[in-house]
**Q** 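Dropping the structure in here first, questions after.
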Amino acid sequence: MLRIAVPNKGSLSGPAAEMLHEAGYQQRRESKELRIVDPENEVEFFYLRPRDIAIYVSSGRLDIGITGRDLLIDSGANAEEILPLGFARSTFRFASKPGTAGGVEDLAGMTVATSYEGIVAKHLADLGIDASVVHLDGAVETAIELGVAEVIADVVETGTSLRNAGLEVFGEPIMKSEAVVIRRTGANAEENAESKVQQFLRRLQGVLVARTYVMMDYDCRVEQLERAVALTPGLESPTVSPLHNEGWVAVRAMVPAKEAQRIMDDLYDLGARAILTTAIHACRL
């Protein structure tokens with residue numbers, strides 16, 4: 001069986017389980033379950049702390065796992081990202097009291113507090129900046145007030161908590177993170193296991209596409225077909241079928257969900273009618 005690590009709690013847990021369910025895999029019914037077997041799909045799921053998943057995968061005990069890009073890099077584990085999943089997005093930034101630093105180059109000789117020591121230390125080393133990094137678990141904003149550090153490095157979403165602490169971000173983002181599928185670096189699976197890994201990835205990619213696109217159907221006059229098709233090119237090309245009424249055709253194509261309303265407006269202005277969109281629940285490209 002394919003052995004897969006899944007986050008057992010936190011912001012990664014719920015969306016990961018939802019995506020796996022959409023991909024056709026069984027998921028646990030109770031949060032206390034640490035392991036379940038999906039015999040129909042020949043998969044065994046292990047529910048682990050998100051921070052530990054990269055370590056388990058790098059050991060070779062588990063074939064693949066779902067965790068955050070930030071946690072993967074911070075762990076320093078011998079594992080690599082093989083598929084971004086598009087949820088649990090975050091940005092890592094430096095922050096300090098106004099006037100402390102204008103850019104990352106000003107951090108030389110300073111102390112930076114963070115919950116992600118591996119990420120920050122690597123980032124500073126890559127830039128050739130000699131600064132000290134102090135590891136703290138959560139609530140790093142107080143590190144500056146208590147004199148533990150001059151600068152912090154943390155996840156920034158709206159920046160409200162930083163402003164409330166009298167801090168401001170500076171410099172370029174350290175990194176952008178999201179949920180990812182990971183695998184041991186250089187893993188050489190047996191043919192059967194590799195086939196299951198690729199099947200797993202195709203299913204998740206199918207979910208990602210289904211979430212990103214909708215199916216659009218509409219009727220239009222033949223003389224407007226080329227202009228309409230330019231608006232809805234589909235993935236390869238749209239499906240076009242003649243209607244009973246002469247001079248009319250029915251068109252079907254996948255379009256980006258975020259652009260669907262604009263495309264419907266443009267099609268209507270061209271004279272297209274009976275314009276419909278439907279959700280895609282699963283697909284293979």
Side-chain angles (χ1 to χ4, degrees), residues 2-23 25 27-28 31 34-35 43 45-95 112-126 133 135-141 152-162 169 172-185 187 197 200-201 203-205 207-208 211-212:
L2 192 66
R3 295 157 64 89
I4 302 174
V6 182
N8 67 343
K9 59 182 179 180
S11 61
L12 291 166
S13 178
E18 183 180 351
M19 176 170 278
L20 290 169
H21 177 72
E22 289 181 38
Y25 294 102
Q27 288 297 286
R28 61 181 180 174
S31 60
L34 301 180
R35 169 184 169 273
V43 173
F45 292 103
F46 294 83
Y47 296 86
L48 307 169
R49 290 180 68 247
R51 274 193 174 273
D52 297 337
I53 287 177
I55 303 298
Y56 280 105
V57 171
S58 69
S59 73
R61 301 293 182 181
L62 300 179
D63 299 300
I64 51 181
I66 296 175
T67 188
R69 181 181 295 133
D70 52 348
L71 299 176
L72 167 63
I73 295 174
D74 194 59
S75 72
N78 186 33
E80 61 185 353
E81 173 184 333
I82 57 175
L83 178 67
L85 297 178
F87 63 85
R89 288 191 170 102
S90 59
T91 303
F92 283 79
R93 304 290 300 266
F94 288 113
V112 182
T114 182
S115 299
Y116 296 83
E117 182 180 1
I119 292 175
V120 177
K122 181 180 184 303
H123 182 69
L124 293 172
D126 289 345
V133 180
H135 177 82
L136 296 175
D137 284 323
V140 295
E141 295 93 338
I152 66 168
D154 202 7
V155 176
V156 177
E157 294 180 1
T158 63
T160 300
S161 61
L162 293 177
V169 299
E172 295 297 316
I174 301 168
M175 70 168 293
K176 292 183 181 293
S177 181
E178 64 182 291
V180 296
V181 179
I182 65 170
R183 188 178 191 180
R184 183 164 59 91
T185 303
V197 169
F200 178 79
L201 295 176
R203 287 195 182 191
L204 293 189
Q205 287 169 331
V207 172
L208 291 171
R211 291 177 172 183
T212 305

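Predicted model, so just to flag it, every value in this text is computed and none were measured.
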**Q** Does some side-chain heavy atom of Asp154 sit less than 4.5 Å from a side-chain heavy atom of Leu162?
**A** no
**Q** What's the shortest heavy-atom distance between Glu178 and Gly86, and which atoms?
**A** OE1-N, 2.7 Å
**Q** Give every residue pair that meets the salt bridge (Lys or Arg N to Asp or Glu O under 4.0 Å) criterion with at least one member in residues 78-92, sequence neighbours excluded.
**A** Arg69-Glu81
**Q** Is the OH atom of Tyr47 crowded by more than 12 outside heavy atoms at less than 6.0 Å?
**A** yes
**Q** Once rounded to the nearest 0.5 Å, what's the spacing between atom CG of Leu208 and atom CE of Met19?
**A** 4.0 Å
**Q** Applying salt bridge (Lys or Arg N to Asp or Glu O under 4.0 Å), can you list everything that pairs with Glu22, at least two apart in sequence or on another chain?
**A** Arg211
**Q** Indicate yes or no for a side-chain donor-acceptor contact from Thr67 to the backbone of Pro50 under 3.5 Å, with no hydrogens or angles considered.
**A** yes
**Q** Do any pairs count as a salt bridge (Lys or Arg N to Asp or Glu O under 4.0 Å) and have a residue in residues 2-20, sequence neighbours left out, and if so which ones?
**A** Arg3-Glu44
**Q** Do you know which two heavy atoms are closest between Ser177 and Phe92, and how far apart they sit?
**A** CB-CE1, 4.2 Å
**Q** Say you draw a straight line from CE of Met175 to CZ of Arg93; how long is it, rounded to the nearest 0.5 Å?
**A** 13.5 Å
**Q** What residues, two or more places apart in sequence or in another chain, satisfy ring pair (Phe, Tyr, Trp, His ring centres under 6.0 Å) together with Tyr25?
**A** Phe45, Phe200
**Q** Taking atom NZ of Lys176 and atom CG of Asp70, what is their separation to the nearest 0.5 Å?
**A** 13.0 Å
**Q** Backbone N or O of Ser58 within a donor-acceptor pair of the Asn78 side chain at under 3.5 Å?
**A** no
**Q** Which pair of non-hydrogen atoms, one from Ala79 and one from Leu72, has the smallest distance, and what is that distance?
**A** O-CD1, 3.6 Å
**Q** Could you grab the distance from atom CG of Leu62 to atom CD1 of Ile55, nearest 0.5 Å is fine?
**A** 12.0 Å
**Q** Quick one: does any side-chain atom of Asp74 pair with a main-chain N or O of Gly118 as donor and acceptor, under 3.5 Å?
**A** yes
**Q** Return the minimal non-hydrogen interatomic distance between Arg183 and Ile82, and the atom names on each side.
**A** CB-CD1, 4.0 Å
**Q** Which residues pass the salt bridge (Lys or Arg N to Asp or Glu O under 4.0 Å) test with Arg49, not counting sequence neighbours?
**A** Asp52
**Q** Using every non-hydrogen atom in the two residues, find where Val120 and Ala153 come nearest and quote the distance to one decimal.
**A** CG2-CB, 3.6 Å
**Q** Suppose the criterion is side chain to side chain donor-acceptor pair (under 3.5 Å): which pairs have a residue in residues 113-124, not counting sequence neighbours?
**A** Lys122-Asp126
**Q** Working to the nearest 0.5 Å, report the span between CD1 of Ile73 and CD1 of Ile174.
**A** 11.0 Å
**Q** For His135, look at atom NE2 and say whether over 12 heavy atoms of other residues, nucleotides or ligands are found less than 6.0 Å away.
**A** yes
**Q** Look at the side chain of Ser13 and the backbone N and O of Gly10, then say whether any donor-acceptor pair between them is shorter than 3.5 Å.
**A** no
**Q** Do Phe46 and Ile53 touch side chain to side chain, with heavy atoms closer than 4.5 Å?
**A** no
**Q** Which atom pair, heavy atoms only, marks the closest approach of Ile152 to Val140?
**A** CG2-O, 3.2 Å
**Q** Taking the side chain as C-beta and beyond, is there a heavy-atom pair between Leu20 and Ile66 under 4.5 Å?
**A** yes
